[in-house]
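Everything numeric in this text was worked out from a predicted model, so none of it was measured.
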Amino acid sequence: MEKSAGIPQPAPLIASHFLRDPAFIIYCVSTGLFSGSYRIPFSFLPDYAVRQLSSSKDQAAYLLSYLGIASFLGRLLGGVVGDRQRHRRFLVFLILIVLSGVSVVAMGFADSYTTLAVCSLGYGAASGGRVALNSIILADIFGLPALTQTFGLVCLVQGISIFFGTPVAGWLADLFGDYRTSFILFGTGMMCCSSVLTMIPVARRSTISGYGERKVSWILRILPCLVIPFLLGGAPTVKSLQTPVLKPNIIFIFADDMGWNDVGFHGYNEIRTPNIDRLASEGVILNGYYTQYMCTPSRSALMTGKYPIRTGLQHYVLRIAEPRGLPLTEKIMPQYLDEAGYKSHMIGKWHLGYSQKQMTPTLRGFESFFGYYTGQNDYFNYTPTAGVGAQGEYLAFDLWDNLQPARNSIGRYATELFTEKAVGIINSHDYKDPLFLYLSHLAPHYANAYDPVQAPQKYIDRFPGIANEGRRKYAATVSALDDSVGQVMDALKVKGVAGNTVIVFSSDNGGAGAEQGIEFGPPSTFASNWPLRGAKSSQWEGGLRTTAALWSPLLELKGRVSTELYHISDWLPTFIRLAGGSPIDNLDGYDIWDSISKGLPSPRKEILHQIDPVWGEYALRWNQYKLISGSHANAAGYRIDKWYDPEGGFHANYVVPNAPGALACADKKTAEIVACDAVAMPCLFDIEMDPCEYWNIAAERTDIVDYMMDLIRAFNETALPSNNLPQDPRAAAGLNNGLVQPWLE
């Protein structure tokens, strides 16, 4: 029976036309998948383009709020589009939106300004076409000329998207504490809003084409968009309205006593280090980077940004049971970063004092600490043997999980254990707060007197071609360390935060080889600083010029070697700058980020290597010149001031031709070495021309010698005296439950 024309019929749902609206289906699916699956950056400012586009989280909600609201507004426009021609236009419009998004994602993976520029052109073309086509659609709907709608449309879509969408996404971020969660929820919410509009009953009327044109009350269309943040729980907070500040995660990986010649990128691949080499080749090799000559002085400079003469830690190292440490009056790196919103964690070697609990890491700014207090340890049983007393009275267990002894880790290989803890922190960290991870490895430092070089057999088996047993075992410890670097980098990438991370790899001083055993007695390890002169504990290049590289997608210039002058004290002001902090007065370190990232000259022109009246050693770098006065010798008169081949001999087949980080030194066999007796009189070297310190030019440039000695005297006027103290019997193992622990409470 035919329906009577005079009887009102129920209004159909827009949902009944869902399958007849392919543009809506394609847009909902593509927007949902695109929004929920990719991390979208938003800022294209030139000075910050690479940095912002590398963000995996902080800016994602911002652009999604724009695209999400844009999809909603698009649906509002699509709701009044009726004929096939308009549907085709709307479909093209949606495709252009997707292409815009794809261009943005591509920019997020850009590793050069050229790629960034090409992707930006694609984004601009797609966005321009989208705005123009949307203007035509809007003009067609309302019967107005297209060009008169262009600016109004831009203001409508972008204005509402930014000023409404951002607070909603920010509010969700406050609620869930995670931009990634808000990202997914907001994209889903926008799809739901569009679906709600699809379900609203409306009247129909025929068009000339015979295709249904839908007419919906504008109040009903806009209402879901207006009420959704309040239905979810409330209005945006003040915090939500603020644009997130991008702060990179910072990972500092410290090797202990690693030699210049113990990585492949310096031109000698006897020890294969593919992960460290990859970090270096993809980042910046720091060939003009210096530390202090031993562990404690270097670590104090790292943590404070000051030369060790400012803290009284310039002479030798802290010994077990020594009742002193880095002065508690010094504010250190994790405390500064905590003020900038970072969460700091430390793993491995501390070596800055433990006689008082207040000196230990968790009471000096670190959220957590898993490691050991002293300067040396066994890789398996965590019982240090250096300087434990004639009767072993200070022989005790030294591995801590925060303030509790970690005896359950006995038997675990230290390098693997520390790596496991580091990866665990990377995986579990809540990245709404940036991460500072200080991974201070034991490797490749010696283990103990009776078994100085320790590594599982699986690592030793990697080097059957190294005949010298000590060198082969040492290579195994370095190989395990290299695996650790690779695992940390992989964990950051899997977690999705590598794009906003800075990784620094550095040794704390030059390598320690057989010469250490000759001067200080056994044990010794088998590091190599070839072709540099000297080794750990000396003021020669082999003791101070150390292996270092920086990796980060935030670098503007990558894959290069920097020979600019840097010092370990520079990391503190550099990290504070990256964290958005204010410059600090009274530091010896400099902010070197622009120099490393952009290839600019270093702000540093000098380095005070040493002022040590106890050993009578004074050393200074000024521009290209280095001055050394004095050289420590043991009771037998032995000094670490020679050039030392790798243990087992130098083998030309391991030399890597044209290695990017190799030093250009003269051939020692044919070089006319100008002798230097630093004890008798100061020696002067032009390090840029003579990095291996063959030619003492003090006699030729007495003016430079006099000037640099004046600089040393000026530094000496402000130097604190070395405050080394004898071991305290109250720290004996028998009085402390067999533990290396604070005893002065």
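- Side-chain contact between Gln376 and Thr385 is present, with at least one heavy-atom pair separated by less than 4.5 Å.
- Formation of a donor-acceptor pair under 3.5 Å by the Gln727 side chain with backbone atoms of Gly387 is found in this model.
- The shortest side-chain heavy-atom distance between Leu744 and Asp728 falls under the 4.5 Å cut-off.
- In terms of the ring pair (Phe, Tyr, Trp, His ring centres under 6.0 Å) criterion, residue partners of Trp743 (sequence neighbours excluded) are, by chain and number, Tyr354.
- Under a 3.5 Å cut-off, the side chain of Arg364 and the backbone N or O of Gln335 do not form any donor-acceptor pair.
- Residue pairs meeting the salt bridge (Lys or Arg N to Asp or Glu O under 4.0 Å) criterion with at least one member in residues 285-304, sequence neighbours excluded: Asp256-Arg299, Arg299-Asp508.
- Residues Val497 and Thr501 come closest through the heavy atom pair O-OG1, 2.6 Å.
- A donor-acceptor pair under 3.5 Å links the side-chain atoms of Asn448 to the main chain of Asp451, judged by distance alone.
- Asn509 is listed as a side-chain neighbour of Cys295, based on a closest heavy-atom distance under 4.5 Å.
- Proximity of Met359 to Leu352: side-chain heavy atoms (C-beta onward) are nowhere separated by under 4.5 Å.
- Contact detail for Thr574 and Ile592: the closest heavy-atom pair is OG1-N, 2.9 Å.
- At a threshold of 4.5 Å between non-hydrogen side-chain atoms, the residues Pro660 and Ile285 count as touching.
- Counting only distance, with no hydrogens or angles, the side chain of Ser528 and the backbone of Gly259 share no donor-acceptor pair below 3.5 Å.
- Here the closest heavy-atom approach between residue Ala467 and residue Arg472 is recorded as O-NH1, 3.2 Å.
- Among pairs with a residue in residues 396-415, those fulfilling ring-ring contact (aromatic ring centres under 6.0 Å, His included) read Tyr373-Trp400, Tyr379-Tyr413, Phe380-Tyr413, at least two apart in sequence or across chains.
- The ring pair (Phe, Tyr, Trp, His ring centres under 6.0 Å) test applied to His567 returns Tyr307, not counting sequence neighbours.
- Thr374 pairs in a side-chain contact (heavy atoms from CB on, under 4.5 Å) with only one of the listed residues (Ile320, Val388, Val317), which is Ile320.
- Qualifying side chain to side chain donor-acceptor pair (under 3.5 Å) partners for Thr419, counting only residues two or more places apart in sequence or in other chains: Ser484.
- The NE2 atom of His266 sits 10.0 Å away from the OG1 atom of Thr273 when rounded to the nearest 0.5 Å.
- The ring pair (Phe, Tyr, Trp, His ring centres under 6.0 Å) search around Phe575 returns Trp571, not counting sequence neighbours.
- When each of Ser506, Ser562, Ser507 is checked for a side-chain hydrogen bond (donor to acceptor under 3.5 Å, both in side chains) with Tyr289, only Ser506 meets the rule.
- Atoms OG and CE, on Ser344 and Met333 in that order, are 9.5 Å from each other to the nearest 0.5 Å.
- Using bins of under 30°, 30° to 60° and over 60° for the plane-to-plane angle, the ring pair Phe370/Phe418 lands in the perpendicular bin.
- Atom OG1 of Thr477 sits about 11.5 Å away from atom NE2 of His441, to the nearest 0.5 Å.
- Here salt bridge (Lys or Arg N to Asp or Glu O under 4.0 Å) pairs that include residues 475-489, with residues two or more places apart or in two chains, are Arg462-Asp483.
- In this structure the side chain of Asn261 never reaches within 4.5 angstrom of the side chain of Asn529, judged on heavy atoms.
- Remark: aromatic rings of Tyr654 and Tyr268 are close, center separation under 6.0 Å.
- Rounded to the nearest 0.5 angstrom, Leu399 CG and Asp378 CG are separated by 11.0 Å.
- Of the possible polar contacts, none joining the Asn249 side chain to the Ile251 backbone as a donor-acceptor pair under 3.5 Å is found.
- Two residues are said to be in side-chain contact when any heavy atoms from C-beta on lie closer than 4.5 Å; Pro553 and Lys558 meet this criterion.
- The structure places CG of Asn468 at 11.0 Å from NZ of Lys473, a figure rounded to the nearest 0.5 Å.
- For the atom pair NZ (Lys357) and OG1 (Thr360), the distance works out to 7.5 Å, reported to the nearest 0.5 Å.
- Here the closest non-hydrogen pair linking Lys536 and Ala512 is CD-CB, 4.0 Å.
- For residues 397-411, there are no salt bridge (Lys or Arg N to Asp or Glu O under 4.0 Å) pairs, not counting sequence neighbours.
- Under the ring pair (Phe, Tyr, Trp, His ring centres under 6.0 Å) criterion, Trp551 pairs with no residue at all, not counting sequence neighbours.
- Annotation: side chain to side chain donor-acceptor pair (under 3.5 Å) contacts of Gln358 (sequence neighbours excluded): none.
- The closest side-chain heavy-atom distance from Leu279 to Phe265 is not below 4.5 Å.
- Sorted pairs that involve residues 274-288 and meet salt bridge (Lys or Arg N to Asp or Glu O under 4.0 Å), not counting sequence neighbours, are lacking altogether.
- Between Ser595 and Tyr590, the side chains place no donor N or O within less than 3.5 Å of an acceptor N or O (distance only, hydrogens not considered).
- Sorted by first and then second residue, the ring-ring contact (aromatic ring centres under 6.0 Å, His included) pairs involving residues 443-468 (not counting sequence neighbours) form an empty list.
- Under the 3.5 Å distance criterion, the side-chain polar atoms of Lys495 are matched with a main-chain donor or acceptor of Asn427.
- Ring pair Phe436/Tyr438 is parallel by interplanar angle, where below 30° counts as parallel and above 60° as perpendicular.
- Here the closest heavy-atom approach between residue Ser298 and residue Ile568 is recorded as O-CD1, 3.5 Å.
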